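As the structure is a prediction and not an experimental result, all values here were calculated from the model. Note that ligands are numbered from 1 as they come in the structure, with each ligand's atoms numbered from 1 the same way.
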Amino acid sequence: MQILDWESLTASEQVAALQRSPLIGDNSVEQKVKSIIEQVVLDGDAAITKFNQQFDGILVDNLLLSTEEIDSACARVSTKVKQAIALATANIEKFHQAQAFQPIDIETQIGVRCELRSEAVEKVGLYIPGGTAPLISTVMMLALPARIAGCEKRVLVSPPPINDAIIYAAHVCGITDIYQVGGAQAIAALAFGTESIPKVDKIFGPGNRYVTEAKRLVSQDNRVSVTIDMPAGPSEVLVIADAKANPAFIAADLLSQAEHGVDSQVMLVTDSMVQAQAVNQQLSVQLAQLPRQDIAAQALKCSRTLVVKDIVQAVQVSNQYGPEHLIVQTDSPRELLSTIRAAGSVFLGAYTPESVGDYASGTNHVLPTYGYSRAVSSLSLADFSRRFTVQELSADGLQNLGQAVMTLAENELLDAHKNAVAIRLASLEK
Ligand code: HSO
Ligand code: ZN
């Protein structure tokens, strides 16, 4: 990885050093995705079947997996994988159950009752990418909170042929409706509905740039009122490490993220030039042994090591970057926690590789990328429900509050608003 001395960079060079790899801002993606969406709107299942053949090379007769297909896929999954899924599931469930909403029910003043309540989003669509890495863990990260939140209709879509372990994970996480469709066409189907695929209220899950673009487009489409989990960009990690950290651990963490995709970005911020060089040394040793070394090597090209003057500055740099994952391998990592302003998920200490959060510690791995961590939260139980308020006033309550409301309405020049109060106060006076 390229090593840069932070303090010797000009302000604009520092900004450039924290730049993500440019999102392939190719307008043809938007056009292609728009056309796919319109074909799904027009032709429903027929369009889906056509796209399955065109993009995945498979003719799927029944988009919905049958119980027999689910059972036989589950039977093909090894006991070892099932046990790993069971452990991960238990931890993810525990952590998300603990996030249960605490309702609020208070009197803001005498006779004025205000409540904050929460109800599950009724219908959710969960997208699981296909491709070279079958993301079994993403099934758990989406399906478990959806079930815990109480979402009634939970449908999963994934490009055919769907990996057996994905089907198994979906099955144990309580998903009964698994549709064999991926890409932009899957997102269009979830947003608009087809003869066999139900229209949902909210779409979750990662995907390639076609999927991401489709999510963006349907969430802005006035014909439907579908929402999405969060804006998505390529995955990334930033490691803060001091001189004492183990360079082999650091390199392993950087590579675990680099192997996701050629557009993934990994950053090391350290106060030790010796550490920076040791990590580079380890990167070449470990990279050579990886099956996905081509992908990881590409990702490393747009990745950087920044040598800073001390760990306080390392945190400042990290805050400026706002990483999806932040790994802290310093002497007392927890001490830095209160100074971290932007990170999707934080991994503290030498024994907390990102992989544990990706799979099984219990935290959610759907996280804000591309600098969004400054304002967007990691996926949680709350994303599967909607909060709404309730207010109820007694006659006394309205008498106490009415005059203030009428004054404000009058000054907004909204007489009908004022009248809605006045008419009641008058009736109370009688
Ligand atoms: N690091 C990915 C999640 C993942 N890793 C799934 C392995 N499987 C984005 O947070
Ligand atoms: Zn990962």
Side-chain angles (χ1 to χ4, degrees), residues 20-21 23 81 84-85 87-89 91-92 95-96 126-145 156 158-159 162-166 168-170 173 182 204-209 211-212 215 228-239 249-267 286-287 290-293 295-296 298-300 302-303 321-327 342-347 352-373 376-380 383:
R20 264 83 181 172
S21 34
L23 281 183
V81 170
I85 289 176
L87 182 59
T89 299
N91 287 342
I92 296 164
F95 189 62
H96 288 77
L126 316 178
Y127 186 88
I128 304 298
T132 55
L135 299 181
I136 309 161
S137 50
T138 307
V139 178
M140 301 187 270
M141 298 296 172
L142 300 179
L144 290 170
L156 185 144
S158 191
I162 308 181
N163 174 280
D164 288 340
I166 287 186
Y168 175 75
C173 295
F204 296 80
N208 62 20
R209 56 208 176 102
V211 171
T212 301
K215 283 171 70 184
I228 59 171
D229 47 1
M230 63 179 79
S235 215
E236 61 208 26
V237 67
L238 185 146
V239 179
F249 291 5
I250 300 169
D253 287 346
L254 295 171
L255 289 170
S256 77
Q257 191 55 43
E259 76 170 348
H260 269 294
V262 295
D263 52 2
S264 299
Q265 193 174 52
V266 304
M267 306 288 267
Q286 294 184 27
L287 180 67
L290 289 177
R292 289 167 72 91
Q293 56 177 268
I295 295 175
Q298 278 277 97
L300 289 181
C302 295
S303 299
Y321 181 75
E324 179 190 18
H325 307 93
L326 170 59
I327 302 180
S345 194
V346 182
F347 299 74
T352 320
E354 189 200 306
S355 305
V356 297
D358 279 353
Y359 293 105
S361 63
T363 61
N364 207 292
H365 79 201
V366 179
L367 302 166
T369 54
Y370 227 68
Y372 281 109
S373 67
V376 177
S377 308
S378 67
L379 199 73
S380 72
D383 293 292

Among L379, D358, V237, closest by heavy atom to atom 1 (N) of ligand 1 is D358

Does H365, backbone or side chain, put an N or O under 3.5 Å from an N or O of ligand 1? yes

Identity and separation of the nearest protein heavy atom to atom 7 (C) of ligand 1: Y359 OH, 3.3 Å

Go through ligand 1 atom by atom and flag the ones less than 4.0 Å from a non-hydrogen atom of E354. 1 (N)

Is D358 close enough to the Zn ion (ligand 2) that one of its N, O or S atoms comes in under 2.8 Å? yes

May I ask you to decide if S380's main-chain N or O and H96's side chain share a donor-acceptor pair within less than 3.5 Å? no

How many angstroms lie between atom CE of M230 and atom OG of S378, to the nearest 0.5 angstrom? 7.0 Å

Report yes if some heavy atom in the side chain of L287 is under 4.5 Å from a heavy atom in the side chain of Q293; otherwise report no. yes

Nearest-0.5 Å distance, OG of residue S345 to NE2 of residue H365: 11.0 Å

Going by the atom numbers of ligand 1, which of them fall below 4.0 Å from some non-hydrogen atom of Q257? 1 (N)

Side chains of L300 and V266: does their closest heavy-atom pair fall under 4.5 Å? yes

Would you mind checking which non-hydrogen protein atom is closest to atom 9 (C) of ligand 1, with the distance to 0.1 Å? S235 OG, 3.4 Å

Atom 2 (C) of ligand 1: which protein heavy atom is closest, and how many Å away? H260 NE2, 3.4 Å

Backbone or side-chain N/O/S of H260 under 2.8 Å of the Zn ion (ligand 2): yes

So how far is it from M267 CE to S303 OG, rounded to the nearest 0.5 Å? 7.5 Å

Residue, atom name and distance, where the atom is the protein heavy atom closest to atom 8 (N) of ligand 1: S137 OG, 3.4 Å

Just do the side-chain contact (heavy atoms from CB on, under 4.5 Å) check on Y168 and I85 with the steps written out, would you? CA-CA 9 Å; Y168 175 75; I85 289 176; 3.6 Å; yes

Is ligand 1 under 4.0 Å from a heavy atom in the side chain of L135, in the backbone, in both, or in neither? side chain

Please identify which atoms of ligand 1 are closer than 4.0 Å to at least one heavy atom of E324. 9 (C), 10 (O)

Any donor-acceptor N or O pair under 3.5 Å, side chains R292, T132: yes

